[in-house]
> 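Have a look at this one before I ask anything.
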Protein chains: 2
Amino acid sequence: MLGSRKTNEMPASPARPAGTRKSASWTQDPDGVRRNILAVARDEFVENGLSGARVDEIAAKTSTSKRMIYYYFGDKEGLYRAVLEEAYARIRNFERSLDLAGLPPREAIVSLTGFTFDYHADNPDFVRLVMVENIHHARHLQSSPKIADLNLSVIDMIGEVYERGLREGVFREGLDPIDIHLTISALSFYNVSNRASIQQVFGHDMGAPEARERRRLSAIETVLRMLCR
Amino acid sequence: MLGSRKTNEMPASPARPAGTRKSASWTQDPDGVRRNILAVARDEFVENGLSGARVDEIAAKTSTSKRMIYYYFGDKEGLYRAVLEEAYARIRNFERSLDLAGLPPREAIVSLTGFTFDYHADNPDFVRLVMVENIHHARHLQSSPKIADLNLSVIDMIGEVYERGLREGVFREGLDPIDIHLTISALSFYNVSNRASIQQVFGHDMGAPEARERRRLSAIETVLRMLCR
DNA sequence: GACCAATTGAACTGTTTCGTACATTTAACA
DNA sequence: TGTTAAATGTACGAAACAGTTCAATTGGTC
C-alpha cells in the first residue's frame, strides 16, 4: 500500500525546479520557504511528537536546509510553536465559515456536529497535534499569543443557537453552551485520537469508511437527543 | 502549591531505610525493585512521553540504579511496554469488579458510565499513557501479547445489558454495543486528555471539582438519552 | 563459613542531536 | 556594475543519551 503517508512536498519556490534541490540559481521566496518548512515540520511533529521529531530529519525533507529552519524559527520549539499556531488558525477559519444563524436550531446543531466531526476525521494531523500539545500540558499554547480570543466564538455560536432553540421550545432548559461544545468535540475527537488503540484492543477500525459514517450519524443523533426535550 | 506532582516513591525494599538510598546492606526484593522502577517509569513516560522520557532521569528517581532497569527490562522500550501492560491490566481489573448483571438496565448504564467517568478522572496517568501510545500508533500494544482478549469483556457486558433493556422495552432498537462503549469512553476520556488545551483556549478548568461533577452528570444523562426510547 | 548465582555500581562508549560559526552566494536596487 | 543586506551551505562543537563493560558485592543455602 503506497502513499498512506504522503509527505507535504510543496516546492519552496516555483523557480527552483523539482528534483533539482539546492540548484545554483533561485528566486527569493522567503514565504514559500517558510511554508515548505512548516509543512514538513508539521508532518514530523505529528508523526513523532515534539521530543520525537528530529530537526535534521525535518531539514532533510525540506527543499532547503537546517540553516534556514534556525534562520526563520529560532529553534526547535519556535518551529513547533509556529506549526501549532498555524493549525489553530486553520480550524478557526473553518469555524468562521459556518453560518448557523440562518438555520433553524435543530438543523444548526446537526450541521455543526456534522462539520465538526468531519473536520476532525479529515484532519487527523490536527487531532494528533492537539494530543501532543496536551501531553506537554498545553505549555506552548500558553506562551503563544493570539490563541485565546479566537475559539470563544464557537461557544458564542452555540449559545446563540441554543437560546433560539429554547425560545422555539425545541431544546430543553438548563444546558451550558460549553458543555454542549465539549460533548460535540469529545465525540468528534476521540474516534481519531484513539483510533490506533481501539483498533488494537477491539479489532475495530474507526477509520474505515462505513465505521466512520455510522459513528458520524451516531454522534449527531446523540447530540440531538442531548439537546431536545 | 506543593505536591501537585507527587512522585510514586515506594521504597524498593522495607529493609532499605528511606533516605538511605543504596546503603551497604539490603534485602533481596526483586519484585519490590521491579515495582519501584515501574512506578517511577510510569511517572516519567506519562509526563514526557516515550521519546521525551530519559532513562537516566528514571534511574535517578528510583531507589536503585540504571543497571537494574536494563537488568529487568532489557531496554527503554521494554520498560515502556511493561508500564503499558500494567496500566491495561489495572483497568481490566477495575472493569471486572463491576457487576451490572444484577442491576436493571437503566441503572446498569448509569453505573457503568459513572464508574468509567470516575476511573478516567481519577487516573489521568492512564489516560495520558493511552495518548502517548496512540501517538505511536499503538505499536507497543500490538507487539504486546495478552492485551487483545481482555477488553472484549466490556463489550459483552454492554451487550448483555442492552439486550435486557431491549426486552424490557426501556431501550430503543438498532444500537451497537461497540458504539455505546465508544460514546461512554469518549465522554470520559476527552475531559482528561484535553484538559490542558481546553483550559488554555476556553479558560475552563475541567479538573475543578464542580466542573468535573457537572460534566459527570452530563455524561450520564447523555448516554441515557442516547439509549432510551 | 564457603560457594554460587543473583544483584549491583561506576565509569565508559559510541552515537545522536540540537544548535552555531563562518564563509559564501544571490537578489535587489542605486 | 557596484554595494548591501538578505539568504544559504558546510562543517563542526558540545552536550545529551541509550546502552554496555567489567568487576564486585551480597544473600541464600548447604
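Sequence lines set the chain letters: A, B, ... in the order given, protein chains first and strands last, and positions in each chain run from 1.
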> I need the CD-C1' distance between E44(B) and dA18(D), as an integer number of Å.
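For the pair E44(B) CD and dA18(D) C1', the rounded distance is 15 Å.
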> Nucleotide by nucleotide, 5' to 3', does protein get under 4.0 Å of the base (B), only the sugar-phosphate (S), or neither (-) in nucleotides 15-22 of chain C, counting heavy atoms?
--SBBBBB
> Can you tell me which residue among H140(B), R42(B), E133(B), E44(B) is in a side-chain hydrogen bond (donor to acceptor under 3.5 Å, both in side chains) with Y80(B)?
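It is E133(B); the other options fail the test.
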> How would you list, by chain and number, every residue that makes a ring-ring contact (aromatic ring centres under 6.0 Å, His included) with Y72(A), sequence neighbours excluded?
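For Y72(A) there are no ring-ring contact (aromatic ring centres under 6.0 Å, His included) partners, ignoring immediate neighbours.
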> Residues in side-chain contact (heavy atoms from CB on, under 4.5 Å) with N191(A), at least two apart?
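In terms of side-chain contact (heavy atoms from CB on, under 4.5 Å), with neighbours along the sequence ignored, N191(A) is linked to F117(A), M206(A), R215(A).
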> Residues in salt bridge (Lys or Arg N to Asp or Glu O under 4.0 Å) with R128(B), at least two apart?
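R128(B) satisfies salt bridge (Lys or Arg N to Asp or Glu O under 4.0 Å) with no other residue.
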> Would you mind reading off the distance between F73(B) atom CZ and dT20(D) atom C1', rounded to a whole angstrom?
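In whole Å, dT20(D) C1' and F73(B) CZ are 19 Å from each other.
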> Between atom CD1 in I37(A) and atom P in dA7(D), what is the gap in whole Å?
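From I37(A) CD1 to dA7(D) P: 12 Å.
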> Please report the distance, rounded to the nearest Å, between OH in Y71(A) and P in dT10(D).
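To the nearest whole Å, that distance equals 18 Å.
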> If only side-chain N and O atoms of S65(B) are considered, is one of them under 4.0 Å from the OP1 or OP2 phosphate oxygen of dG9(C)?
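So the side chain of S65(B) is within the cut-off, an N or O lying under 4.0 Å from OP1 or OP2 of dG9(C).
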> In chain order, what residues pass the salt bridge (Lys or Arg N to Asp or Glu O under 4.0 Å) check against E213(A), with sequence neighbours excluded?
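If we apply the salt bridge (Lys or Arg N to Asp or Glu O under 4.0 Å) test to E213(A), skipping adjacent residues, there are no hits.
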> For R34(B) and dT8(C), give me the distance from atom CZ to atom C1', rounded to whole Å.
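Distance check: R34(B) CZ to dT8(C) C1' gives 17 Å.
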> In whole angstroms, how far is the P atom of dT8(C) from the CG atom of N36(B)?
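Taking atom P of dT8(C) as the reference, CG of N36(B) is at 11 Å.
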> Among all residues two or more places apart in sequence or in another chain, which pass the salt bridge (Lys or Arg N to Asp or Glu O under 4.0 Å) test with R81(A)?
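R81(A): no salt bridge (Lys or Arg N to Asp or Glu O under 4.0 Å) contacts found.
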> Whole Å only: how far is the CE atom of M68(B) from the C1' atom of dT20(D)?
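Distance check: M68(B) CE to dT20(D) C1' gives 13 Å.
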